[in-house]
Amino acid sequence: MAAAPPFVAYSSLTEVLVPANQWEDLYASLQALKGHVQEYPGCERFDVFVRVEGEGDVRIHCYTTWDTPGQLEAFLERGYTFERLLADFGGLDAERSLVMEKIF
């Protein structure tokens, strides 16, 4: 019996807390960013999870998933990432960013 090799994909995570008064405008920009990033070669997914906190501020987890580590690396170095969007949007800074392997 042949064994199937493990499936691995390569992902990035960016987390940020967005003030309530900026959420609506940022949401529209995120929709455009998703459409843009999904056109990059090797992009498998662009997922955004949100949670409303405290005074209506919105915690965002933004994930991108790629076929190869080289594609992820190229995106992070030269692509229009969520972190770059945050900086352009109004000087918002990501609380953390991680690069991970998706194993299943």
According to ring pair (Phe, Tyr, Trp, His ring centres under 6.0 Å), who are the partners of His61, at least two apart in sequence or on a separate chain?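 Once residues adjacent in sequence are excluded, His61 has no partner under the ring pair (Phe, Tyr, Trp, His ring centres under 6.0 Å) criterion.
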Are Phe82 and Leu33 close enough, and set up right, to give a side chain to side chain contact (heavy atoms under 4.5 Å, CB included), and what steps lead you there? CA-CA 8 Å; Phe82 183 44; Leu33 181 63; 4.2 Å; yes
Closest approach of [X] and [Y], non-hydrogen atoms and distance?
| X | Y | value |
| --- | --- | --- |
| Thr14 | Ala94 | CG2-CB, 3.5 Å |
| Ser29 | Leu85 | CB-CD1, 3.9 Å |
| Thr65 | Ala9 | CG2-CB, 3.6 Å |
| Ala20 | Gly56 | CB-O, 3.2 Å |

For a 4.5 angstrom cut-off between non-hydrogen side-chain atoms, does Asn21 reach Trp23?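 They are not in side-chain contact.
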More than 12 heavy atoms from other groups under 6.0 Å of CD on Glu77: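 Yes.
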With clusters built from Ile, Leu, Val, Met, Phe, Trp and Tyr whose side-chain heavy atoms come within less than 4.5 Å, directly or transitively, what are the remaining members of the cluster of Phe49, listed by chain and number?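 Other cluster members: Leu13, Tyr63, Leu98, Met100.
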Which residues pass the side-chain contact (heavy atoms from CB on, under 4.5 Å) test with Val99, sequence neighbours left out?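 Per chain and number, Val99 pairs via side-chain contact (heavy atoms from CB on, under 4.5 Å) with Leu72, Leu76.
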Name each donor-acceptor pair under 3.5 Å that joins a side chain in residues 34-43 to protein atoms two or more places apart or in another chain, with its distance.
from  : atom 1 : to    : atom 2 : distance (Å)
Lys34 : NZ     : Phe46 : O      : 2.7
His36 : NE2    : Tyr40 : OH     : 2.9
Tyr40 : OH     : Tyr80 : N      : 3.0

If a pair satisfies salt bridge (charged side-chain N to carboxylate O under 4.0 Å, His left out) and one of its residues is in residues 80-103, list it, with sequence neighbours excluded.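 Salt bridge (charged side-chain N to carboxylate O under 4.0 Å, His left out) check on residues 80-103 returns Glu15-Arg96, Arg59-Glu95.
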Testing the 3.5 Å rule here: is there a donor-acceptor pair between the side chains of Thr64 and Trp66?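 Looking only at side-chain atoms, Trp66 and Thr64 do form a donor-acceptor pair, the distance falling under 3.5 Å.
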Only one of Leu86, Leu92, Leu30 passes side chain to side chain contact (heavy atoms under 4.5 Å, CB included) with Ile60; say which it is.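 Option passing the side chain to side chain contact (heavy atoms under 4.5 Å, CB included) with Ile60: Leu30.
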Give, for atom CZ of Arg51 and atom CG of Asp57, the distance between the pair rounded to the nearest 0.5 Å.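 One finds 12.0 Å between CZ of Arg51 and CG of Asp57.
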For Asp25, salt bridge (Lys or Arg N to Asp or Glu O under 4.0 Å) partners two or more places apart: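 Partners of Asp25 by the salt bridge (Lys or Arg N to Asp or Glu O under 4.0 Å) criterion come out as none, since no residue qualifies.
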